[in-house]
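Everything numeric here is computed off the predicted structure, so don't read it as measured data. Labels below follow one simple rule: chain letters A, B, ... track the order of the sequence lines, proteins then strands, and each chain is numbered from 1.
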Protein chains: 2
Amino acid sequence: MKSDFREVREELRQRILQGVWAPGDLVPNEVDLAAEFGCARATVNRAMRELAEAGLIERKRKAGTRVRLSPRRAARFDIPIVREEIEARGAAYRYALISRDEIAPPDWLAARMALAPGDLVLHLTCLHHADGQPYQHEERWISLAALPQARDGDFTATGPNEWLVREVPFSDAEISFSAIAADDQLARRMGCATGDALFLVERATWWEGRAITFVRLAHQRGHRMTTRY
Amino acid sequence: MKSDFREVREELRQRILQGVWAPGDLVPNEVDLAAEFGCARATVNRAMRELAEAGLIERKRKAGTRVRLSPRRAARFDIPIVREEIEARGAAYRYALISRDEIAPPDWLAARMALAPGDLVLHLTCLHHADGQPYQHEERWISLAALPQARDGDFTATGPNEWLVREVPFSDAEISFSAIAADDQLARRMGCATGDALFLVERATWWEGRAITFVRLAHQRGHRMTTRY
């Protein structure tokens, strides 16, 4: 038979699932598998690459490819722009800027963003509503050393995230998920009780090695971020 | 020059970053790009595939490939086994089973797992410690209709997750992140105050279309789940 990489991948996956190849076992080499499936070695290679990405096998340069002892799984989360996220839920989106200041960064932020002494940041707080209810509270700091044009940004009509996406189309980011208790101010803004447990997303963004922005996104009570993998 | 796909990908990425190709622009076709880079069309195709996965370009069968208006980003989270996660932090891992019951599933769970009337579930609660401190509270339900061998599982020495990984090496899952307030029982077990905000991971797992297990993982106060993308 002449197989495409999807067929090869499925067949290999079944052998792992059914224990034909047990955890820790060496997987036959690509040349032998290509001969067995009557396909190009590149086809087997592509199938193996996808199985490795799925965490089923582990490829080591010298030691060969083995079935992983415990499958290492990875979940993929799309990081949407909040307006798109709200509209995808069929709700009406409304944005409001709460505050805008140019400030010297607090120490924790200067350390987090690796800012030089004297660097200023633009500090913005805003609220994203879904059908008139507070949905996400955004507290954001933008490095004015890295992005001086943020001074001219108009953040009254659209959020800084949409501005940043246009200004810095590609970047590296570190994202953290956690839970926080709402303090008095956040509770007032989000329309919840002080101490309520809120889902927090924090994200630091770099472009060409420089910190661009750090943001804290607190979500309405009961918010869930869900994905399939 | 003869380019490999990484060089092609980087060059195309730079054109997008620098606005040579603006958001919404049609990207030149693969044949022309292959001629320009002096490489195989498959090399350009691989580079384009990676740029599409990174959310920079959008490929449509008939309409061609365009630079995305707002880059769609995705973050990848490794889903480790809690023992490995704790040991990777350099902490000592300890596991304790709190309770084990065979029960009729509550309605919400029967709906969530699409169980048939009369199906029973194994209900387990356990605690994972890091250096003697409660790190993660696990409440798990395993479908005995799908996995009757769970009745014979010994969950006193190792957690049900490690047992499941051996029993069902590959599966589909839906995962949710959220924040919860600890109730009295959870607070007592986690050594925190009632009402404390805890980071919650919920995961439902299917194998060949059948629900296998549903789990709620509550984490110690201040826990963060972090990734780079």
Go through the atoms of A:Leu198 and report whether side chain, backbone, both or neither lie under 4.5 Å from a heavy atom of chain B.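 Backbone only.
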Which atoms of A:Glu162 approach chain B - backbone, side chain, both or neither, heavy atom under 4.5 Å: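 Nothing of A:Glu162, per the 4.5 Å heavy-atom cut-off to chain B.
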Working to the nearest 0.5 Å, report the span between CD of B:Glu174 and OG1 of A:Thr226.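 Answer rounded to 0.5 Å: 5.5 Å.
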Can you measure from OG (A:Ser176) to CE (B:Met225) and round to the nearest 0.5 angstrom?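 One gets 10.5 Å once the value is rounded to the nearest 0.5 Å.
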In terms of heavy-atom pairs under 4.5 Å with chain A, which of B:Arg224, B:His219, B:Arg203 leads?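 That would be B:Arg224.
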Might you confirm whether atom CZ of B:Arg221 has over 12 heavy atoms from other residues, nucleotides or ligands at distances under 6.0 Å?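 Counting neighbours around CZ of B:Arg221, 12 or fewer heavy atoms of other residues, nucleotides or ligands fall under 6.0 Å, so no.
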If I measure from the heavy atoms of chain A, does B:Ile180 come under 4.5 Å with its side chain, its backbone, both, or neither?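 For B:Ile180, backbone heavy atoms alone lie under 4.5 Å from chain A.
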Region of B:Arg83 that comes under 4.5 Å of a non-hydrogen atom in chain A: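 Neither part; nothing is under 4.5 Å.
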Identify the heavy atoms of B:Ala179 and A:Ala197 that sit nearest to each other, and give their distance.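 Scanning both residues, the minimum pair turns out to be CB-C, 4.0 Å.
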side-chain hydrogen bond (donor to acceptor under 3.5 Å, both in side chains) partners of B:His129, counting only residues at least two apart: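 With sequence neighbours excluded, B:His129 shows a side-chain hydrogen bond (donor to acceptor under 3.5 Å, both in side chains) to no residue whatsoever.
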Can you classify the ring geometry of B:Phe177 versus A:Phe199 as parallel (below 30°), tilted (30 to 60°) or perpendicular (above 60°)?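 Taking A:Phe199 first and then B:Phe177, their aromatic rings sit tilted (interplane angle of 30° to 60°).
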